[in-house]
Amino acid sequence: MDFTAIKEKADGALMPTYGRFSTALEKGSGAVVSDSEGRTLIDFGSGIGVNSLGFGDPEWAAAVSEQAARLPHISNLYFNETQALFAEELCAAAGMSRTFLCNSGAEANECAIKLARKYAADKGTKKPMIVTLRNSFHGRTLVTLEATGQDAFHTDFGPFTGGFVYVPAEDGAALEKALEDGACAVLLECVQGEGGVMPLSPAYLQLARRLCDEHGALLMVDEVQTGAGRTGRFLACEHAGIRPDVVTMAKGLGGGLPIGACLCTEALGTVMSAGKHGSTFGGNPVVCAGGRVVLSKVTAPGFLDEVSRKGEKIRVRLQSMPGVRSVRGLGMMLGIELEKGDARLTAERCLENGLLVLTAKTLIRLLPPLTITDGELERGLDILEKVMAEQAQ
């Protein structure tokens, strides 16, 4: 089908929950994808950070295909070797002891919230409050939506469950006050992705760790977008030298398949006993097979050094482009503040010229595949610079 036919069918059958761009993608290789009209596009979005190995990685595709043919799904009432190996390897890579496997970042954060509340209940806390940050984003389920510290996301979806208190990022005094008032946990992102690619300072993250220790609260880090190597470390919190009590992951961890993981330290490993939580599809063998390939590549010697190198290469090019006011982010998770113009319109102009980019509030957001080649990077950056120069005139 051509684009018009595809769009008509989609518009007629799908709820209009997305502001889609005018292209229908068909197939890809590496960081290059083609659409229904035969256009070739460089991908600087990787499915919002999901396609960490790009399109069609041969080892990933082979592992997924082999597992799908052998055993595509079983209930979590039974053991499975692929799932067990993936869980073990993931815990080792993240420096955690146990994990709960699910299907998305929102589900991973739901598990973290339940874990914190159960932990508090076991200690006799009557009203367990969880601190989150203003400008944060933790998901679109009702509870993770409420955990999100942006009022705009709360409109039309009340009543909520309660149990959250919001404080400004980088405000240590406000965080301390919330913990003094009895909060049982803090949930934060090291880089607020949907909030506009806003990195938290190492000093603030270290303070959050210390304050949680002093008040007996859990530090829970949402690494849904930043984890699995996106920032040049396996977890973004490693840049600050801290170890959280709970880490949530998703997106790039599966290499393109739906995945989520809530990881915890040994001290929390048995808080969620049998029947307290579950997922029909979580830890699906096919997804775990793909995830094992992602882990093997991301943790291979030198891989994360390359992510950091390419991230810095992108940053340097961006800073020299016309129309760029500032660049912020970590590794290959970067946001571009424009001197003028609208981010959405800029993204549309990039698409017209052969480049897929994302937006985050008023910024252009870049999340290229971690495996993107230097040649693909240069081609994409050339297109972006051309668009930026035209807009700056």
Salt bridge check: are [X] and [Y] linked by an N-O gap of less than 4.0 Å?
| X | Y | value |
| --- | --- | --- |
| D213 | R209 | yes |
| E352 | R349 | yes |
| E238 | R243 | no |
| D181 | K127 | no |
| R70 | E66 | yes |
| E337 | K361 | no |
| D151 | R134 | yes |
| R309 | D305 | no |
| R365 | E194 | yes |

CD-CG distance between E385 and L318, expressed to the nearest 0.5 angstrom:
9.5 Å
Counting only N and O atoms by type, is there a donor-acceptor contact under 3.5 Å from the side chain of [X] to the main-chain atoms of [Y]?
| X | Y | result |
| --- | --- | --- |
| Q225 | K251 | no |
| D43 | L355 | no |
| S201 | Y204 | yes |

Given N109, which of T148, T141, T132, V224 fulfils the side chain to side chain contact (heavy atoms under 4.5 Å, CB included) condition?
V224
Quick one: is the NZ or CZ of R39 closer than 6.0 Å to the six-membered ring centre of F3, and within 45° of its axis?
no
Candidates K313, R317, K310, R379 - the one meeting salt bridge (charged side-chain N to carboxylate O under 4.0 Å, His left out) with D374
K313
